[in-house]
Number of protein chains: 2
Amino acid sequence: MADATIRDVARRAQVSVASVSRVLNRLDNVSEETRARVTEAVRELGYVPHAGARSLSLARTNAIGVVLPDFHGEFFSEIVRGMDREASRRGYMLLLSNVHAGSEQSANAMRAMRGRVDGLVILAPHLSEDELADAVPRGTPAVLINTRGDAGGHPGVRLDNAAGAEAVADHLASLGRTRIVHIAGAAGNIDAQQRADAFLAALQRRGIAVQVIEGDFLEESGEAAIEALLKAGESFDGVFAANDMMASGALQALNRAGLRVPEDVAVVGFDDVPLARHIGLTTVQVHIAELGARALDRLISILEGKEDPGGQELHKPELVIRSTTDPKANPR
Amino acid sequence: MADATIRDVARRAQVSVASVSRVLNRLDNVSEETRARVTEAVRELGYVPHAGARSLSLARTNAIGVVLPDFHGEFFSEIVRGMDREASRRGYMLLLSNVHAGSEQSANAMRAMRGRVDGLVILAPHLSEDELADAVPRGTPAVLINTRGDAGGHPGVRLDNAAGAEAVADHLASLGRTRIVHIAGAAGNIDAQQRADAFLAALQRRGIAVQVIEGDFLEESGEAAIEALLKAGESFDGVFAANDMMASGALQALNRAGLRVPEDVAVVGFDDVPLARHIGLTTVQVHIAELGARALDRLISILEGKEDPGGQELHKPELVIRSTTDPKANPR
DNA sequence: ACGCATGTTGTAACCGGTTACATGACCTAG
DNA sequence: CTAGGTCATGTAACCGGTTACAACATGCGT
């Protein structure tokens with residue numbers, strides 16, 4: 001037996017569908033008699049309104065689409081958590097879509113959301129400005145997180161990757177480290193690139209040598225990077241990984257090799273995922289969840305017709321110093 | 001200017017809406033001429049189909065609703081990650097809804113999903129069987145994770161909490177620990193209750209004393225529990241926390257108090273969140289992501305009309321021994 | 001008694017897709 | 001030449017809600 005519709009309810013309560021709708025939406029121009037009859041019929045039939053149909057006629061879904069490049073590592077968990085918190089606080093649901101592969105798939109994912117969501121939050125550090133511009137359906141408001149360029153005039157929330165990377169350079173330099181390794185993030189990723197560029201530039205200004213190894217943001221690649229260096233007989237006294245997961249992998253490899261952290265090698269990460277605090281990792285604190293919450297917040301403001309200043313909001317991260325660079329810091 | 005609809009495209013291409021629909025859905029009974037005209041019009045107008053309307057007429061959304069009690073701690077991140085992986089692999093989107101407060105809110109959240117999703121995955125360890133039964137809309141297939149009782153005949157995926165807790169009891173006993181503390185999970189939570197019950201029973205069979213302190217699954221409550229015990233001058237040589245986050249909090253409190261782990265106090269958690277491996281926590285390994293993926297998998301099978309055996313699928317967890325109980329294990 | 005304001009209710013169009021069915025063009029076999 | 005088949009296309013109903021508007025009842029003032 002198919003689910004009851006509003007017309008079934010109307011028939012059973014002997015009223016029109018308009019009256020049923022009015023009762024369900026708590027409009028006040030309904031007589032007590034009618035209200036009671038409808039309420040009863042709803043109960044008897046176990047009627048639950050069809051949200052899809054409702055949003056079609058209202059042109060409003062109360063849902064927000066979230067497009068993520070992938071769902072791995074604590075960074076994404078955290079950002080989704082922040083969005084979710086804000087969304088449920090403001091009465092919205094989140095429609096998730098993860099994009100593993102290329103830009104074609106991303107575009108499809110975004111298109112597939114048209115008519116299901118009122119707006120989009122897009123985290124696509126691997127898409128070019130153009131790709132983004134034509135992937136977002138025309139009439140769908142969108143807020144971007146960490147995109148390059150101006151991204152088709154969509155408002156956005158951004159992390160000041162350069163400031164973070166420079167703080168790391170300062171810190172390592174002030175510790176007197178002179179043979180430094182940077183484990184970079186995935187190629188083509190805008191965050192990875194900004195971090196690497198700023199870090200190298202800052203060290204160069206100080207005349208400190210850097211060696212760059214490319215990673216992919218996963219823990220294993222941090223481990224592999226260090227192992228490769230050690231095997232090649234390279235020596236270094238400072239490591240900056242482009243994110244915390246790779247830093248964690250690096251720490252494990254260093255531990256296994258019997259190198260002391262921070263005495264022999266200082267290690268710094270980026271993001272400050274929850275794990276970082278637990279392993280005592282010095283890192284660039286990003287307040288990831290807040291970044292997500294802020295993006296959602298702006299999107300909802302736009303949806304509700306409030307003025308939005310537009311443009312890119314830059315969030316400046318701060319270095320937190322823990323035991324992987326400071327021997328006096330409490331290890332864990 | 002409002003978004004283009006299929007009728008706009010039809011007008012522009014000088015064909016009927018039926019033809020447009022046929023082209024968009026790649027049906028083959030369309031002439032080359034028509035296909036070209038439609039494709040061109042779509043491009044010119046930047047037309048993107050309205051997924052909401054589409055699913056209304058197809059009675060199919062390609063989305064799955066996920067109801068979670070809250071979104072805190074790695075447990076939920078992991079389970080969502082597992083679901084997401086499976087969902088995107090099989091071409092579904094995930095609609096998230098977090099329920100912070102009571103059963104009323106949970107029921108509303110599930111109802112709000114009717115017509116937006118093809119089915120539900122519900123993780124509601126705090127709801128009673130009855131509450132669940134009438135919160136799930138009649139015609140919506142649902143798969144439950146870790147619910148009590150039989151939950152209205154919905155199929156489910158369950159964790160064998162008792163087996164896990166017993167393994168912990170065995171392990172602590174075999175280490176010769178005799179004064180044991182259990183930091184329990186939130187009251188009213190079915191997992192918390194099953195773990196505590198089985199743990200106490202197992203220790204009782206061995207004649208080992210246990211002291212129970214109630215926590216709430218958050219890290220801070222694990223910390224607070226240990227602090228309270230130490231302040232009260234209690235002494236103990238084994239701690240079993242009902243989840244890893246509380247175990248992590250407990251570890252921190254023990255460290256601060258100068259107690260050695262595992263020599264003075266052995267610590268065991270539950271869940272094996274990613275963090276556990278990093279801090280060397282002995283714990284009950286749950287394969288959280290797989291649990292989520294499995295639930296989704298079953299739901300999709302049901303949606304696609306495949307036979308489902310029904311009933312509750314029990315997943316037996318395994319103890320993984322790390323450095324918080326085994327001094328020989330590699331610390332981190 | 002009438003006109004008019006007020007309040008409740010129902011009818012039907014609409015949101016933007018899909019698709020059953022009808023139509024008509026064209027081809028082929030008898 | 002006609003009957004029947006194939007193929008591309010269009011018309012309109014339908015999915016399940018919302019709501020503008022019309023219709024009607026009621027009560028009031030005059």
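Residues satisfying the side-chain hydrogen bond (donor to acceptor under 3.5 Å, both in side chains) test with Y47(B), not counting sequence neighbours, are none.
With salt bridges taken as basic N to acidic carboxylate O contacts below 4.0 Å, none links R81(A) and E74(A). Salt-bridge annotation for E313(B) and R298(B): present, with a side-chain N of the basic residue lying under 4.0 Å from a carboxylate O of the acidic one. Taking 4.0 Å as the cut-off between side-chain N and carboxylate O, D297(A) and R294(A) count as a salt-bridged pair.
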Requested in this report: Between protein and nucleotides 9-17 of chain D, map the contacts as a letter string: B base, S sugar-phosphate only, - none, heavy atoms under 4.0 Å, written 5' to 3'.
Outcome: BBBB--BBB
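For S21(B) (side chain) and V17(B) (main-chain N/O), no donor-acceptor pair under 3.5 Å exists by modelled atom type.
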